[in-house]
Amino acid sequence: MFLDALAGHCRDQPDKVAIQFVNGPPITYGELQATVNGAAHDLLSLGINPGDRVAVQLPKCMAFIYLHLAAAQIGAIFLPLNPAYPMTELRYFLADSRARILFAERQKQPEIEAIVPELPALESLVFVDLAESWEERVDSRSSEWSAPLPTDPDQTAMMLYTSGTTSRPKGALISHGNLTANIRALHEAWGWRKNDVLLHVLPIFHVHGLVVALHGALHAGASIFALPAFEAAAALELLCSRQFSVFMGVPTMHRRLHQQAGGRQFDLSFMRLMTSGSDRLPDDLFFGYQKTFNVTLLERYGMTETGMNLSNPLLGERRVGSVGKPLPGVSARIVDPATDSLLPDGDVGEVQIKGAHVFTGYWRQPELTAAAFTADGWLRTGDMGLREPDGYYTLKGRAKDLIITGGLNVYPPEVELVLLEHPAVAACAVIGCPDFEWGEQVVAAIVPREGAAADEAEICAFCRERLAPYKVPRRVIFVDAFPANALGKIQKAKLRQSLCSES
Ligand code: MCA
């Protein structure tokens, strides 16, 4: 299981640094294990049982990591939540997940206490002072105690919310077996080793930062140096210090690093592995990186429901525009999404995935779970792509209207539902427009209600109170009507054509 390898490293190399945050002390594998044990003991003392949802809405910090590993250790379900979620979103996730306990920042106490009466399943609230040392917080008795690690691969380890095309966000259940399969595949494919040092700049409430990066390094017994948030100047300086061998980012981060270079050249070819994922890597950035940093980025493809699926090779051709081949243990195919029948190489169809890494289902959503799979058990990713005759896959857009901005997924209906609550909005459509830095930006087209006064700033402020900042439209365009098909359905492709070019 994914915790077993970590337990082994804690035993075999207790004095080696596991994780150090830029603003904190180095934490050795021995200290990591002791504090995780203590946190696990605390969770049990608070009445948390296997299968209970442990929600954590904290910034990127050691406490988050301890709680994640502790919850997994006792068989509870870890539910990480973006610290930028406003209360309306937080309330939804806590209510839907029926979380039994929430760990949150002390400064959010008044706002969170105000929503607690609406959350009957939430029995405990723990407010965390970020300055507090968790290594000192656990007493020595509990740190020596240790829970038997989960042995059932089907046991759920964590729950990650992903948005739906038509529904509210749904909790994807990721089992211990899924995590183990994923991490083993990545280790084999990317050659993770003990002497790797990862510069960790990603958020840790998503698969990319948590599973691919953090689990990746800990599974290998490697060391992590973490920034609480990505900052291009600091990251470039650190990369140039030659202390690191692995770096992972989303295209927006790579874009900012490339811009930070400001036309100068930096030889980062000593880096063993620099990856890009969560959104398509633009071709100009792939080549720009080669020229500026003497590095060929390794692009890979994953999703919340599966972790990583496809990857360009560590050794061999990293093909521009391609996401590579299936990882070890992963099966992929391209089908006609209407019939699920296999398409020949070169034809564009839906990418479908199978393997031990594929999630077990959506929390309390049997219909949505069933709809996510074909009759013979392939996961419908909703991503379109093609397979080349030599086995490389290339993504070619999405079957759904999903927007990816800065590596984060935004589903238009989530934003549209909020816009429709605004009294001045008669109808609306949210689309993604191409953007050099962000990949896409969220744009809202609105038909105003007759006689109502609304302006862009007011609409955005309204959204900001109800949605995480990355979901808030960057532009609001008022229109008289929408292009619609014969059934009255808004034709978003046409809307994108007419609105995305407008500045
Ligand atoms: C921040 N803002 C954003 C985003 N992030 N707006 C749109 N899209 C975003 N992704 C908002 C801020 O709230 C702020 O809004 C304004 O943009 C400018 O903020 P700035 O300081 O420039 O941004 P930042 O805080 O530096 O964040 C940019 C970022 C961040 C570092 C690229 O978005 C990020 O960490 N992205 C990585 C996401 C990630 O890990 N995705 C993996 C998902 P305002 O001015 O209104 O306050 S997992 C996944 O996709 C699958 C499984 C996979 O394959 O990996």
Side-chain angles (χ1 to χ4, degrees), residues 59-60 80 82-86 158 160-163 172 174 178-179 182 186 200-216 226-235 247-260 275-281 285 298-312 323-324 327 330 351 353 357-359 379 381-383 395 398 402-411 415 430 432-433 435-443 456-457 459-465 467-476:
K60 184 175 174 182
N82 185 339
Y85 286 139
M158 57 191 198
L160 299 174
Y161 273 90
T162 92
S163 299
I174 317 289
N178 295 154
L179 293 173
N182 229 292
L186 290 177
H200 193 303
V201 298
L202 288 153
I204 49 177
F205 48 84
H206 284 300
V207 163
H208 196 164
L210 190 64
V211 176
V212 188
L214 190 101
H215 288 187
L227 300 184
F230 175 75
E231 209 268 300
F247 180 83
M248 298 177 177
V250 302
T252 301
M253 293 172 174
H254 291 303
R255 177 70 76 199
R256 289 185 181 178
L257 281 170
H258 187 245
Q259 284 171 332
Q260 185 66 33
T275 70
S276 180
S278 307
D279 193 7
R280 196 183 169 280
L281 179 67
L285 191 50
L298 182 151
E299 187 173 4
R300 59 35 170 207
Y301 161 68
M303 58 192 292
T304 298
E305 286 87 340
T306 59
M308 298 303 102
N309 296 314
L310 304 164
S311 173
N312 273 283
V323 287
L327 283 162
V330 174
V351 182
I353 297 290
H357 67 308
V358 176
F359 82 135
L379 177 73
T381 64
D383 288 311
L395 299 182
R398 304 166 199 127
L402 167 70
I403 301 167
I404 304 184
T405 170
L408 294 173
N409 293 359
V410 178
Y411 282 83
V415 185
V430 169
C433 286
D435 184 87
F436 183 70
E437 180 181 3
W438 298 95
E440 284 180 299
Q441 60 170 224
V442 178
V443 172
E456 177 165 3
I459 299 264
C460 289
F462 183 83
C463 289
R464 206 162 293 129
E465 277 173 26
L467 293 167
Y470 66 92
K471 299 179 187 172
V472 173
R474 289 295 176 93
R475 266 196 303 150
V476 174

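Both ligands and their constituent atoms are indexed starting at 1 by order of listing. Since this is a predicted model, take the numbers as computed values, not measurements.
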Are the side chain of Asp279 and the backbone of Gly406 linked by a donor-acceptor contact shorter than 3.5 Å? no
Given Tyr301, which of Asn312, Asn309, Asp383 fulfils the side-chain hydrogen bond (donor to acceptor under 3.5 Å, both in side chains) condition? Asp383
ring-ring contact (aromatic ring centres under 6.0 Å, His included) partners for His215, two or more places apart: Phe2, His68
To the nearest 0.5 Å, what is the distance between NE2 (His200) and CG (Leu210)? 7.5 Å
Which N or O atoms of ligand 1 sit under 3.5 Å from a protein N or O, and how far apart is each pair?
{"residue": "ligand 1", "atom": "6 (N)", "partner": "Arg474", "partner atom": "NH2", "Å": "2.8"}
{"residue": "ligand 1", "atom": "8 (N)", "partner": "Thr405", "partner atom": "O", "Å": "3.3"}
{"residue": "ligand 1", "atom": "8 (N)", "partner": "Thr405", "partner atom": "OG1", "Å": "2.8"}
{"residue": "ligand 1", "atom": "10 (N)", "partner": "Thr405", "partner atom": "O", "Å": "2.8"}
{"residue": "ligand 1", "atom": "17 (O)", "partner": "Arg474", "partner atom": "NH2", "Å": "2.7"}
{"residue": "ligand 1", "atom": "22 (O)", "partner": "Arg256", "partner atom": "NH2", "Å": "2.9"}
{"residue": "ligand 1", "atom": "26 (O)", "partner": "Arg256", "partner atom": "NH1", "Å": "2.8"}
{"residue": "ligand 1", "atom": "36 (N)", "partner": "Gly406", "partner atom": "O", "Å": "3.0"}
{"residue": "ligand 1", "atom": "41 (N)", "partner": "Gly407", "partner atom": "O", "Å": "2.9"}
{"residue": "ligand 1", "atom": "50 (O)", "partner": "Ser278", "partner atom": "OG", "Å": "3.4"}
{"residue": "ligand 1", "atom": "54 (O)", "partner": "Arg300", "partner atom": "NH1", "Å": "2.7"}
{"residue": "ligand 1", "atom": "54 (O)", "partner": "Gly302", "partner atom": "O", "Å": "3.3"}
{"residue": "ligand 1", "atom": "55 (O)", "partner": "Ser278", "partner atom": "OG", "Å": "2.6"}
{"residue": "ligand 1", "atom": "55 (O)", "partner": "Arg300", "partner atom": "NH1", "Å": "3.4"}
{"residue": "ligand 1", "atom": "55 (O)", "partner": "Arg300", "partner atom": "NH2", "Å": "2.9"}

Any donor and acceptor pair, going by atom type alone, linking the side chain of Arg255 with main-chain N or O of Phe436 inside 3.5 Å? yes
One thing to verify: whether Glu437 and Arg474 come together as a salt bridge, which I'm taking to mean a side-chain N less than 4.0 angstrom from a carboxylate O. no
